[in-house]
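Input: a single structure, listed below in structure tokens.
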Amino acid sequence: MIPREIVQPLLGWFYENKRDLPWRREPSAYHVWLSEIMLQQTRVEAVKEYYSRFLDALPEIEDLAACPETRLLKLWEGLGYYNRVRNMQKAARTVVEHYGGALPPDYEQLLELPGIGSYTAGAVASIAFGIPRPAVDGNVLRVIARITENEEDILKQSVKTKTERELAEIMPKNAPGDFNQSLMELGALVCIPNGMAKCGACPLAELCLARKHDRVMELPKKAGKKQRRLEKRTVLLIQDGEDFAIRKREKKGLLAGMYEFPNLEGYKSQEEILEYVRELSCQPVRIQTLTQAKHIFSHVEWEMKGYRVLIEPREKRNTDGLLFVNKKETKGKYPIPAAFAAYRKYLEEDI
DNA sequence: AAGTCGGGGGA
DNA sequence: TCCCCAGACTT
């Protein structure tokens with residue numbers, strides 16, 4: 001069980017130590033929602049700039065609902081997990097249609113919106129609306145596992161469910177948002193992963209069972225992660241004068257809807273590359289080897305070999321799924337993910 | 001319950 | 001290198 005005695009020390013600590021974060025300035029439901037979506041599996045420092053830029057571009061939920069997809073993905077470019085922003089737009093359209101443009105102040109209704117799971121629903125409900133619901137993220141699971149000296153694998157759904165149920169029991173009805181944030185803030189600043197915990201600065205040190213038994217180092221437990229698969233790819237910079245070929249990725253799957261340079265699975269010979277370029281209705285003139293590059297995703301790792309292929313000027317410009325974009329005009333227009341950073345620079349710089 | 005989905009920063 | 005991050009969704 002989680003002791004109720006954690007509540008007041010946590011709140012007191014939070015009011016003294018909470019960070020001044022952009023989304024804490026004007027915590028409207030939209031602002032809290034956006035910050036929570038951006039912060040999913042993403043560090044605070046990485047989110048700050050994106051958050052401000054996003055709200056400058058789309059200050060209201062209606063703006064988000066009406067935004068073209070490419071512009072939306074461009075605003076998210078580099079943050080990763082691009083389904084987050086696609087789901088958020090779907091939800092925004094639902095909010096405009098069914099809720100008059102304002103998020104519903106109700107946990108169950110929030111939970112029904114795409115991209116909002118139990119954590120985000122709890123965070124928005126408690127922080128924006130003062131509704132007493134827990135918001136259990138990785139920080140909270142770690143903090144609670146240590147306080148209670150829980151041996152179970154915190155990645156198990158059952159642990160999360162139990163944590164939510166027990167936190168709901170002790171949730172202070174007058175400050176649910178602050179209480180949820182205090183747990184997360186403690187996890188982010190003091191009760192840090194691995195062997196880095198700063199127990200000397202912890203307001204819960206005296207009642208923490210892991211510390212009492214000197215087991216903070218070994219908790220929480222997490223099941224082993226499986227190995228990433230390696231994928232070799234051949235990336236092509238097909239160049240017609242100052243124009244480069246890009247194309248849009250599939251609507252589903254990895255990097256859905258983002259733009260990329262034409263590329264092939266596996267390492268291809270120069271003959272195979274030229275053949276492929278011809279299939280795209282291009283007439284290759286010269287081929288040049290570029291640098292190798294690697295990009296690591298969560299579950300797959302790309303090892304890429306790049307080639308620049310100069311082609312004859314094309315009559316029919318944008319066919320065969322290719323989009324020829326001018327190096328000067330395309331600046332900031334097409335969302336091209338970081339996986340292509342090593343080759344993207346040819347589009348952005350004079351090389 | 002397991003797999004998919006990004007990217008970066010720090011040890 | 002590996003780990004982890006204010007997770008959600010699909011299978």
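Quantities reported herein were computed from a predicted structural model and do not represent experimental measurements. So you know, we letter chains A, B, ... as the sequences are listed, proteins then strands, and number each from 1. Note: hydrogens, waters and symmetry copies are ignored here, and every other heavy atom, side chains too, is used.
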Can you give the first and last nucleotides of DNA chain C, 5' to 3', that have an atom under 4.0 Å from a heavy atom of chain A?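 Listed 5' to 3', the contact boundaries are C:dT1 to C:dC9.
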For nucleotides [N] and [M], find the distance between their [atom1] atoms and express it as a whole number of Å.
{"N": "B:dG6", "M": "C:dC5", "atom1": "C1'", "value": "12 Å"}
{"N": "B:dG3", "M": "C:dA6", "atom1": "C1'", "value": "23 Å"}
{"N": "C:dA8", "M": "B:dG8", "atom1": "P", "value": "22 Å"}

Any non-hydrogen side-chain atom of A:P335 less than 4.5 Å from a side-chain atom of A:T70?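 Contact flag for A:P335/A:T70 side chains = yes.
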Pairing residues for [X] by the salt bridge (charged side-chain N to carboxylate O under 4.0 Å, His left out) criterion, not counting sequence neighbours:
{"X": "A:K232", "answer": "A:E303"}
{"X": "A:E62", "answer": "none"}
{"X": "A:E260", "answer": "A:R247, A:R249"}
{"X": "A:E231", "answer": "A:R229, A:R233"}

List in chain and number order the residues that pass side-chain hydrogen bond (donor to acceptor under 3.5 Å, both in side chains) with A:N326, two or more places apart in sequence or in another chain; answer none if no residue qualifies.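 Counting only residues at least two positions away or on another chain, A:N326 forms a side-chain hydrogen bond (donor to acceptor under 3.5 Å, both in side chains) with A:D243.
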Output all residues satisfying side-chain hydrogen bond (donor to acceptor under 3.5 Å, both in side chains) with A:K333, sequence neighbours left out; order by chain, then residue number.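 For A:K333, no residue satisfies side-chain hydrogen bond (donor to acceptor under 3.5 Å, both in side chains) once neighbours in sequence are set aside.
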When we call it a touch if two heavy atoms are under 4.0 Å apart, what does [X] touch: a base, just sugar-phosphate, or nothing?
{"X": "A:S35", "answer": "nothing"}
{"X": "A:R249", "answer": "nothing"}
{"X": "A:N194", "answer": "sugar-phosphate"}
{"X": "A:L21", "answer": "base"}
{"X": "A:W76", "answer": "nothing"}

Applying ring-ring contact (aromatic ring centres under 6.0 Å, His included), can you list everything that pairs with A:F179, at least two apart in sequence or on another chain?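 Applying ring-ring contact (aromatic ring centres under 6.0 Å, His included) to A:F179 gives none.
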Tell me, which of residues 132-147 of chain A have any heavy atom that sits under 4.0 Å from an atom in DNA chain B?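 The answer is none.
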More than 12 non-hydrogen atoms from neighbouring residues, nucleotides or ligands closer than 6.0 Å to [atom1] on [X], yes or no?
{"X": "A:D56", "atom1": "CG", "answer": "yes"}
{"X": "A:K251", "atom1": "NZ", "answer": "no"}
{"X": "A:E49", "atom1": "CD", "answer": "no"}

Would you call [X]-[Y] a salt bridge at under 4.0 Å N-O?
{"X": "A:R24", "Y": "A:E185", "result": "yes"}
{"X": "A:E69", "Y": "A:K248", "result": "yes"}
{"X": "A:E206", "Y": "A:R211", "result": "no"}
{"X": "A:R133", "Y": "A:E108", "result": "yes"}

Ring pair (Phe, Tyr, Trp, His ring centres under 6.0 Å) assessment of A:F297 paired with A:H295: CA-CA 7 Å; A:F297 300 95; A:H295 187 80; 4.6 Å; yes
With a 4.0 Å heavy-atom cut-off, tell me which residues in residues 55-67 of chain A come close to DNA chain C, sorted by residue number.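 When residues 55-67 of chain A is checked for heavy atoms under 4.0 Å from DNA chain C, there are no hits whatsoever.
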Secondary structure of DNA chain B in dot-bracket form (Watson-Crick or G-U wobble, distances below 3.5 Å, | marking inter-strand pairs): |||||.|||||
Just by protein heavy atoms under 4.0 Å, how would nucleotides 1-11 of chain B read 5' to 3' in B, S and -? --SSBBBB---
Please compare A:L111 and A:Q181 by the position of their nearest nucleotide in DNA chain C and report the one closer to 5'.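 First, find each residue's nearest nucleotide; the 5'-ward one identifies A:Q181.
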Map A:G115 and A:E185 onto DNA chain C by nearest heavy atom, then report which one ends up closer to the 5' terminus.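 Going by which nucleotide is closer to the 5' end, it is A:E185.
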